[in-house]
Structure formats: C-alpha cells, structure tokens
Colleague: 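I have a structure I would like to understand better, so I am pasting it below and will then ask my questions one at a time.
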Amino acid sequence: MPVNAYPGATDLLRFLPETLLILAGTLIMVLDPLVKRRSSPLFGHLTLLTLIAGIAVAIAGASNPGPAFGGMLMVDGFATFFRVLVMGVGILIVLPSYPFLARQDGETGAFHALLLFSISGQCLMASASDLIIIFIGLEISSISSYVLAGFFRDDKRSNEAALKYFLLGSFATAFFLYGVALIYGATGTINLDAVRRSIGPLRADPPVMIVAAAALMFVGLGFKVSASPFQMWAPDVYQGAPTPVSAFLSAGPKAAGFAIFLRIFLTAFGPIGAHWEPLVWGASLLSMTVGNFAALTQTNFKRMLAYSSIAHAGYVLVALAARSQVGAAAAMFYLVAYACMNIGAFAVVSHLSGRGEKYTDIEDFKGLAQKQPLTAAMLTIFLLSLIGVPLTGGFFGKFYIFRAALESHLVWLTVLGLLNSAVAAYYYLRILVMMYMHEPGPAAEAVEPLSPAMGAALILPALGTLVLGIFPGWVLDFAGKSSELMR
Amino acid sequence: MDQHLLTIVLAAPLAGLLVLLFLPSKSKSLIRVWANIASLAGFAVSLPLVWKFHVGAPGFQFVERADWIPSLGAHYLVGIDGISLLLVMLTTLMGFVATLCSWSGVNDRLKEYYAMFLLLQTGMIGVFISLDFFLFYIFWELVLVPMYFIIGVWGGPRKLYAAIKFFLYTLAGSVLMLLGILTLYFQHYSQFGFYTFEISQLMKLQLPLGVQQWVFWAFFLGFAIKVPMFPFHTWLPDAHVEAPTAGSVILAAVLLKMGTYGFLRFSLPLLPQASMDQTIVRVLAALSIVGIVYGALVSLMQKDWKKLVAYSSVSHLGFCTLGIFSLNPNGIAGSVLQQINHGISTGMLFLVIGVIYERRHTREIAEYGGLAHVMPRFAKIFAFAMLSSAGLPLLNGFVGEFTILQGAFEANRIWAVFAVTGVILGAAYLLWLYQRTMLGQVTNPKNLGLPDLNFRECAVFAPLVVWAIWIGVYPKPYFDLLRQPVTEIVERVKPGYFAQAAAVGGTDDRFLSSVTARGRADARLDRLTIGPQVANLPHKTGTSVGTSAGVAGRSACSTLPCGGAR
C-alpha cells in the first residue's frame with residue numbers, strides 16, 4: 001500500500017477529532033500562564049466544549065468511513081463507537097472535576113490539558129489499524145495518565161500511585177512492543193489487515209513467532225485493562241490517584257485498551273484464535289475471581305472499586321473469549337454501561353471525600369441517605385447496576401456477555417462468571433447498608449451541597465445507566481453494526 | 001380497554017409511587033393516606049379481571065404484546081390464566097392489607113417505606129403475568145431490591161444480616177436460572193432459526209432428555225430457593241424474623257409463591273420429559289416431604305412466635321411442591337389453591353404477630369399467656385387464623401391440603417402417608433402456640449393493660465377472614481377456574497393422561513379436570529362443597545382399603561402414564 005506523502009482532505013477530516021483535542025490541549029497550555037488563579041473554571045468549559053465538538057465531528061465523520069493516511073488509520077463504525085465513548089468519558093470526568101479541583105486548589109490548566117492529551121491518545125488507539133500507530137496512541141494515553149495519577153505533587157499516596165503506574169506501565173508497554181517486533185519479523189508488516197492475510201486462513205499449527213507475539217501482546221494489553229494476573233498496580237493507583245483521575249483511569253484507558261484488544265485479537269490474530277482462547281479464558285476467570293473476592297474485604301471505597309474494576313475487566317474478557325461478532329458487540333455495550341456506572345460511583349466518592357480526600361472509606365458513607373437523599377439514590381443506581389440488577393445497564397451488559405459466551409459454548413466460564421457476579425453483590429450491598437441503614441457519620445454530616453456541575457456529573461451517568469437498562473437496543477444495535485464493520 | 005387491563009394493573013402501583021415521590025416527606029399523615037389510597041386503587045383496578053375472565057377458555061386472556069428489544073427477541077408480553085389470576089388477586093389484596101397494617105407500626109422514613117412497597121407490588125404482579133421469559137426474569141430480579149431495603153432499613157436487630165442473606169441467596173439461585181433460560185433460548189434458535197423468549201414459542205421445542213434435565217436443575221435452583229424448599233430454606237426464618245410486619249406478610253403471602261409459580265409455569269410445561277423423569281420426581285417429592293415434616297418439627301421447638309410461623313411456612317410450602325410433583329390434576333390444583341390459602345392464613349398469622357409486637361415489642365412466646373382475657377377480639381381472630389392454617393374443615397386450609405393429599409396418594413401412597421404427619425404436626429404446633437399465648441390466666445403483669453384490636457386492625461383482617469371462609473365452604477369456583485390451566489399442564493407433562501383416566505373409568509377418582517369425565521367431576525365437586533369431610537373421607541378410605549379389583553385398577557393407572565410418556 002503506497003503511502004501518500006501529502007495527506008489529502010479526507011485524511012485530515014478523518015483525523016479531525018484527535019486534531020481538535022490536541023489543539024485544545026495545547027491552547028490550554030498556552031493560556032495557562034496568562035490566567036492568574038491556580039484554579040479557574042475557564043479551562044473546564046473549554047475542555048467540555050472541545051469534547052462535545054469532538055464527538056460531533058467523530059459522528060459526522062462516520063458517514064464517510066474508510067482508511068486514512070495510507071491505511072494507518074481506519075475510521076469505521078468500531079472506531080467511531082470507541083471515539084465517542086472515550087470522549088463521553090472525558091465529559092463525565094470534567095464535570096465532577098470542577099468542584100473537586102476548586103476544593104483541593106488544583107491547577108486546572110495542567111489537569112485539563114493532560115486529560116485532553118490522554119483522550120486524544122485513546123481516540124488514536126480506537127481508530128488505529130497499524131501496530132505502530134496503536135503503540136503511539138497507547139503511549140500518548142499512558143504518559144498523560146501517569147502524570148495525572150501523580151497530579152498532587154505534595155501528596156504521598158498520589159506520588160506512590162504515579163510511580164507504580166509508570167514503572168509497571170512502561171514494563172507492560174515494552175511487552176507490547178516486543179510483540180510488535182516479533183510480528184514484524186514474522187510477517188514483514190505492521191498493518192493489522194496485512195498481518196491477518198499473511199497469517200492466512202485458520203491455522204491449526206501457526207508459526208511459533210506469531211503465537212509468541214500474541215502472548216506478549218496479551219501481557220501488555222492485559223496490564224492496560226487491569227486483567228489478572230497483571231492487575232497488581234490497580235488497587236494502589238486507584239486509591240492513591242485523585243478521585244476524578246481514578247474514575248478516568250477505570251473507564252477511558254480501559255475502554256481504549258479493550259478497543260485495541262478486540263481489534264488486534266479478532267482481526268490480526270483471528271486465524272489463530274484457538275491458541276489464544278485458553279489464555280483469555282484463564283485470565284478472565286482469574287480476573288473475576290481475584291477481583292471479586294479481594295473486593296469483599298476492602299475497607300476503602302476507592303480500593304474496592306479498583307478490585308471491582310478488575311472483576312469487570314474479567315467480564316469483558318469473557319466476551320473476548322467468545323471470539324465472535326456477538327461477543328465484540330457485547331463487550332462494547334458493556335464498556336459503555338461500565339463507564340456510566342463506574343464514573344458515577346467515583347463521582348459520588350469525589351463529592352463526599354472532602355478537602356484533602358479525607359473521607360474515602362466505606363464507613364464514611366454511613367447515613368448519606370439521610371443527609372443527601374439524591375446523592376444516595378444516584379449511588380444506589382450505580383451500585384445496583386454494578387451488581388447487575390435488571391433495568392440497569394449493568395444487567396444488560398452482563399446478560400449480553402454471558403449470552404455471547406453461551407453461544408460460543410463456553411458453558412463453564414458462563415457458570416463461574418454468573419456465580420462470581422452473585423458473590424460481587426455482597427460488597428456492593430455493603431455500601432447500600434452504610435448509606436441507608438446507619439445513622440450519619442462525620443463524612444455525611446460534612447458533605448457539601450450539590451453544585452450544578454456535580455449534580456450533572458451524577459445525573460448524566462445515572463440517566464445513561466437507566467436508559468441502557470430500559471432501552472438497551474439503541475446502543476446494542478449500534479455496537480452490533482460497528483463490530484460487523486471491524487473486519 | 002380489555003387488552004390493556006393487565007398493563008393498568010401493573011402500572012397502578014407505579015403511578016401511586018410517582019405521586020408519592022412528590023409529597024413532602026414531613027407530612028406523615030398525608031403520605032400514609034396517599035399510600036393507602038394507592039394500594040387500594042391497585043386492588044380496585046385488578047377487580048375487573050375477576051368478572052371479565054372467561055372461566056374455562058383455553059390459553060391466556062387479556063394478552064397484550066409489544067416488541068421491547070427486537071434484536072434480542074424480548075417482548076413486553078403479558079397475559080393470565082386461572083392460576084395467575086388467583087395469584088394476581090392475592091398480590092393486589094395482600095398489597096393493600098400490608099399497607100394498611102403499617103399505619104401505626106412504622107414511623108421512620110415513611111415515604112421510602114411506602115415507595116418500596118409500591119415498587120415491590122409492581123414487581124410481584126409482573127412476575128405473575130409475564131409470558132415472556134426475559135420479562136419474567138426482569139421482574140423476578142426486580143423484586144429483590146425493594147424487599148432487601150424493607151428488611152434492611154425497617155427490620156429488627158439483626159436486619160443487616162438477614163437482608164444480605166436474603167439478597168445473596170436469591171440472587172445466586174436466579175443467576176443459575178438465567179443460565180437455564182439462555183439454554184432454552186439458544187436451543188430455540190438452533191431449531192427454529194430465530195431468537196425469542198416467548199413462552200409459547202419455547203414450548204414448541206423438542207429437547208433431548210439430557211438437556212431438559214440440566215435446564216430443570218438450573219430452574220430448580222432458582223425456584224427452590226425462592227419457595228424455599230429444604231435444604232435451601234435457611235434464609236427464610238432470618239428474613240421473616242427481622243422483617244417488619246408488612247414485609248413478613250408480603251414475603252410469606254406472595255413472594256414465596258413466585259417459586260411455586262415458577263415450577264408450574266416454566267419447569268413443567270417447558271421441560272415435560274424432565275419433569276416426568278423418575279429421579280427428578282423422587283428427589284423433588286422427597287425434598288418436599290422432608291420440608292413438610294422438618295418444618296413442622298422445628299416449629300414445635302420454637303420459642304419465638306414469629307420464627308414458629310416462619311418455619312410453618314416451610315412446612316406448608318412443602319405441601320405445595322409435593323402437590324405440583326404429584327403431576328396429576330388433584331395435586332396441581334390443590335397446590336395452587338393451597339398457595340392462596342397459605343397466603344391468607346399465614347398472612348393473618350403474621351398480622352396477628354404484628355399486632356401484639358406493636359403493643360409489647362417482644363415475640364418471646366414465654367412472655368405471653370392468657371391474652372384471651374385481655375384481648376378477646378384479638379383472641380378470636382387469632383383462633384380463626386390458627387385454625388385456618390391448621391386445616392380445619394370448612395376453612396380454606398383444609399380444602400387445599402386435602403386435595404394435595406389426594407393427588408399425592410394417587411401418585412405414590414408412601415408420600416401421602418408421610419405428608420399426613422405434617423397435617424397432624426401442624427395442628428400440634430399451632431394449637432400449642434395458641435394455648436401458651438392465649439389461654440389460661442394472665443401470668444405476666446405487663447400484659448394486663450393491653451388494648452384490644454381497634455377498628456383499623458379489624459379492617460385489616462376482615463377481607464382475609466371472608467376469603468378464608470369462602471374458600472373453605474364453597475371452593476367450587478376456584479376449582480372451576482383452575483380446571484382449564486391444570487388440564488393443560490397435565491396434558492403437557494403426561495400426554496394421554498385423561499384418555500387413560502377415562503378408559504380406566506369406574507375405579508378412577510381423578511375428578512378434577514378430566515375432560516371426558518366432566519359430568520362426574522362436577523357431581524364430585526358439588527359433594528365437596530356440601531361438606532368435604534363428610535363427602536370425601538369415607539370415599540378415600542374406601543379406595544385405600546379397596547376391593548382387589550379397585551386396587552389393581554388404580555395401580556395400573558398410576559404407573560401407566562409414566563410408561564406411556566417414555
């Protein structure tokens with residue numbers, strides 16, 4: 001495929017969402033010294049506008065799908081789905097960060113610029129169809145996230161989180177890069193479609209190099225999506241990072257990570273599926289089990305959500321193990337539902353945590369329902385969705401995933417996964433117990449009134465969770481169509 | 001209008017809930033009044049179902065359907081037959097009773113309290129009217145949430161433990177049930193080429209016995225935990241003891257019936273061969289009998305008034321499942337009727353406990369004694385509830401238990417022998433309870449000044465008392481109502497059952513739904529209405545002692561249908 005040195009208008013149009021995000025990020029960095037105050041809502045507004053514009057551009061671009069830059073990017077339904085998802089995640093992160101940054105006196109300029117860069121990397125990951133571009137996207141997204149995790153320089157836990165995330169993250173990226181190198185060595189190409197063609201039709205006995213590459217990439221991506229046994233970093237990072245950042249890490253990079261996971265493993269490595277399926281099978285079961293059982297004994301809410309996020313990565317891996325269109329669509333639906341409910345839950349923590357993030361323990365939720373019924377009701381919706389109770393997005397997410405798994409005859413994985421989701425109910429219910437069945441504690445007494453931004457940050461994801469739970473067809477049909485275009 | 005009737009019944013509590021949410025939480029009396037109006041309205045809109053229902057018409061009535069998630073093959077599809085009609089009426093009535101009985105007992109967070117009850121009401125009605133398996137599952141799971149809050153927020157000292165146990169137990173059962181549902185769903189796709197959760201479509205499946213058995217056990221876990229059948233019953237005493245009165249009433253009267261209803265509506269018709277499988281039938285019957293006897297024995301030993309009634313539920317529900325797995329018209333019809341009866345009488349017993357708990361705040365049986373002197377009206381109501389639960393002839397419990405025993409006897413005499421001990425033990429623990437609390441002299445001075453039932457409390461009991469007497473004295477309308485659906489179920493599980501029953505002829509006493517022997521059946525039912533104990537007991541002993549020809553005929557017909565199905 002000859003690469004045109006001078007990109008045409010179509011190429012630039014298809015790359016417009018990322019361009020917008022990067023320009024806005026840079027603009028914020030330029031404006032930052034001009035604004036006197038450390039903390040100002042101005043950058044938040046600008047970020048919100050950029051993200052909304054980005055979503056609009058991405059959706060408009062979907063009407064003219066096709067490759068860009070000589071096949072390095074592929075703007076198809078799949079890419080659009082994930083671009084919209086990660087930018088939507090961005091909006092849901094910006095909203096709770098207004099009151100959060102004001103309260104902690106954080107530097108809004110740096111925060112929002114980093115957020116925009118990270119999201120641009122994730123958009124790139126979603127639309128890349130070339131291993132090097134994927135790698136570049138991964139790095140843009142990761143490096144910004146490392147800095148975001150350590151956003152509070154004076155805070156020990158935040159520093160620890162950033163360092164851990166950075167060291168382990170670089171390690172994992174190296175694994176991924178080794179995989180890319182092996183692929184290039186074995187097939188002579190880094191374009192996913194070309195790799196697929198060079199591996200050929202379904203192979204019972206593929207070259208060792210290809211299998212090794214798949215395994216290495218699995219390790220690297222497993223880390224990014226915090227799947228067990230590569231999950232060690234997640235609890236410390238989620239607990240230590242500023243709460244909106246934890247929310248972001250649990251949704252944005254994870255969704256983008258799964259986007260490339262799906263794209264690489266279902267397209268390039270599709271022919272050798274029988275070889276990697278046991279790997280995914282094992283990792284998904286391990287993630288669900290480790291995540292859920294470790295979460296049972298946690299006392300810190302953020303840490304508990306970290307383990308729960310490991311478990312949820314396990315559920316999405318079940319969909320990957322199904323190795324089918326239906327499975328891919330189920331994973332995509334699940335990621336949307338998960339983004340809504342998980343960011344919502346983190347937003348409540350961020351609201352409750354108080355100055356210096358004093359209150360993030362499960363005990364601190366005592367009596368919240370009496371002090372702020374609306375907040376408690378929203379968190380109830382998120383938690384019920386995380387459990388998987390019907391009429392919430394979480395229920396349909398799980399339902400579609402296990403349906404896809406059964407369709408691919410993964411009976412035992414389905415049984416164990418379903419039992420796992422029953423175990424998980426216990427630790428989510430504990431929060432409900434704290435909120436509704438205890439007298440208010442110091443945290444609930446000190447909780448500040450809901451600001452408009454915070455209210456929106458709770459109500460938007462709650463609405464999303466409910467809409468996904470009552471009319472799942474809307475998103476699922478879109479996901480189904482997008483996953484068809486992927487090949 | 002008629003085709004929207006069920007939707008109206010389903011949505012009525014939700015509408016009430018919506019208005020409730022906008023009432024100021026400070027004005028408690030307004031909230032109370034509105035909640036009672038809403039639940040009474042919920043009952044009122046369900047009444048037209050009774051007179052518009054065509055008794056004897058095949059299939060489902062008031063059917064309404066709409067696509068919900070087309071890509072999945074899930075529909076909004078509701079409809080009722082005789083079985084669900086009875087259960088829906090039980091639900092709407094008990095919903096009102098439970099709301100009315102909480103008037104003075106609950107003072108804390110009233111708005112949320114009533115909101116949870118109205119939500120629960122919708123969930124329960126939804127379970128009984130869904131004809132789409134997916135819709136059914138949604139409502140089934142939805143019921144968990146309000147009940148969890150009702151136990152957990154307004155419950156007793158160990159409410160947190162009880163609430164979480166209730167939630168986790170039932171959730172674990174239902175996720176496995178979901179697996180069974182999905183198996184049928186995929187089997188349907190592979191046989192017919194399109195996805196659907198519609199029950200009537202899924203009934204067309206031809207499944208190998210092995211698959212049916214797997215799915216049966218998956219369903220079994222979901223339903224048996226809900227019923228609850230021994231050995232899955234351990235959540236029930238905890239939940240009952242800790243729940244507030246109205247919660248216990250709803251839990252016992254309606255929630256448990258979701259499990260037995262599940263067996264009737266899904267396990268039997270969808271998996272007929274598995275339901276006929278000897279191993280499965282034996283295991284289920286054995287568990288039912290163990291539940292009957294064990295529940296009754298444990299009840300005898302209880303020191304806590306409410307725990308006693310809770311364990312008696314295990315025993316009574318054992319009768320219901322035994323009736324279902326007798327797999328004959330008597331057993332199944334008796335089971336459905338007994339489900340209603342249990343709702344009425346155990347509901348009353350929990351209300352009785354609620355009345356006394358509100359006055360004394362203890363449920364220790366030893367704290368009471370001689371209450372009949374202090375609270376004569378209360379003692380009469382309690383006596384009535386107790387006798388109805390113990391199965392006194394001319395009251396509702398007798399008709400149900402008797403019909404179930406008849407069915408069990410037809411299926412396997414040994415079952416009936418064991419089950420009868422449950423009736424005897426049932427009378428024992430209830431009478432002993434009554435004696436210890438109501439009769440004799442007032443031993444505890446704290447009980448001397450207790451006020452008797454007031455008008456509202458009498459009003460709570462009134463509809464249940466009337467219903468209990470109606471079923472006890474004149475059960476014919478109920479059996480008429482149940483004839484058609486029960487016939488359909490039995491014909492589905494044991495094809496050719498009725499033809500055979502007709503062939504056996506003279507020695508046959510399977511009166512209920514035999515199409516060919518309908519004239520005889522009606523005659524028999526009329527006798528039952530005159531006075532069941534007189535009309536039927538001699539007949540029963542007659543067949544059990546029997547002439548040699550009669551015994552031979554009966555044993556032939558009790559074994560043959562099984563052989564025929566293979």
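Below, chain A is the first sequence line, B the second, and so on; all start at residue 1. Just the heavy atoms: all of them, side chains too, but no hydrogens, waters or symmetry mates, feed the values below.
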Colleague: For this output row, return yes or no: ring centroids of Phe133(B) and Phe197(B) closer than 6.0 angstrom.
Modeller: no
Colleague: Once the angle between the rings of Phe136(B) and Phe223(B) is folded into 0 to 90°, is it parallel (under 30°), tilted (30 to 60°) or perpendicular (over 60°)?
Modeller: perpendicular
Colleague: Among Gly388(A), Ala369(A), Ala425(A), who wins on heavy-atom pairs under 4.5 Å with chain B?
Modeller: Ala425(A)
Colleague: Mind checking whether Phe399(A) and Phe396(A) have parallel, tilted or perpendicular rings, split at 30° and 60°?
Modeller: perpendicular
Colleague: With a 4.5 angstrom heavy-atom cut-off, which part of Val145(B) approaches chain A: side chain, backbone, both or neither?
Modeller: side chain
Colleague: Show every ring pair (Phe, Tyr, Trp, His ring centres under 6.0 Å) that has at least one partner inside residues 417-440 of chain A, sequence neighbours left out.
Modeller: Tyr436(A)-Phe149(B)
Colleague: Is it the case that the side chains of Tyr261(B) and Arg265(B) hold a donor-acceptor pair, with the cut-off being a distance below 3.5 Å and no angle test?
Modeller: yes
Colleague: Please classify the contact of Leu476(A) with chain B as side chain, backbone, both or neither, using a heavy-atom distance under 4.5 Å.
Modeller: side chain
Colleague: Salt-bridge test for Arg323(A) and Glu277(A): reply yes if a basic N is under 4.0 Å from a carboxylate O, no otherwise.
Modeller: yes
Colleague: By a 4.5 Å heavy-atom criterion (distance strictly below it), what part of Leu72(B) contacts chain A: side chain, backbone, both, or neither?
Modeller: side chain
Colleague: Check whether Val433(A) gets within reach of chain B through its side chain, its backbone, both or neither, counting any heavy atom under 4.5 Å.
Modeller: both
Colleague: So, Ser284(A) versus Tyr315(A): side-chain donor-acceptor pair below 3.5 Å or not?
Modeller: no
Colleague: Ring centroid separation for Tyr113(B) and Phe117(B), is it under 6.0 angstrom?
Modeller: yes
Colleague: Relative to chain B, which of Arg430(A), Lys398(A), Gln370(A) shows the most heavy atom pairs under 4.5 Å?
Modeller: Gln370(A)
Colleague: Taking 4.5 Å as the heavy-atom cut-off, does anything in residues 168-186 of chain B contact chain A, and if so which residues?
Modeller: Leu168(B), Leu171(B), Ala172(B), Val175(B), Leu176(B), Leu178(B), Leu179(B), Leu182(B), Thr183(B), Tyr185(B), Phe186(B)
Colleague: Tell me, side chain or backbone of Trp68(B) under 4.5 Å from chain A's heavy atoms, or both, or neither?
Modeller: side chain
Colleague: Where on Ile69(B) is there a heavy atom nearer than 4.5 Å to chain A: the side chain, the backbone, both, or neither?
Modeller: side chain
Colleague: Angle class for the Phe220(B)/Trp217(B) ring planes (parallel below 30°, perpendicular above 60°, tilted otherwise)?
Modeller: perpendicular
Colleague: Where does Ser421(A) contact chain B at under 4.5 Å (heavy atoms): side chain, backbone, both or neither?
Modeller: both
Colleague: Would you say the side-chain atoms of Tyr76(B) and Ser130(B) include a donor-acceptor pair closer than 3.5 Å?
Modeller: no
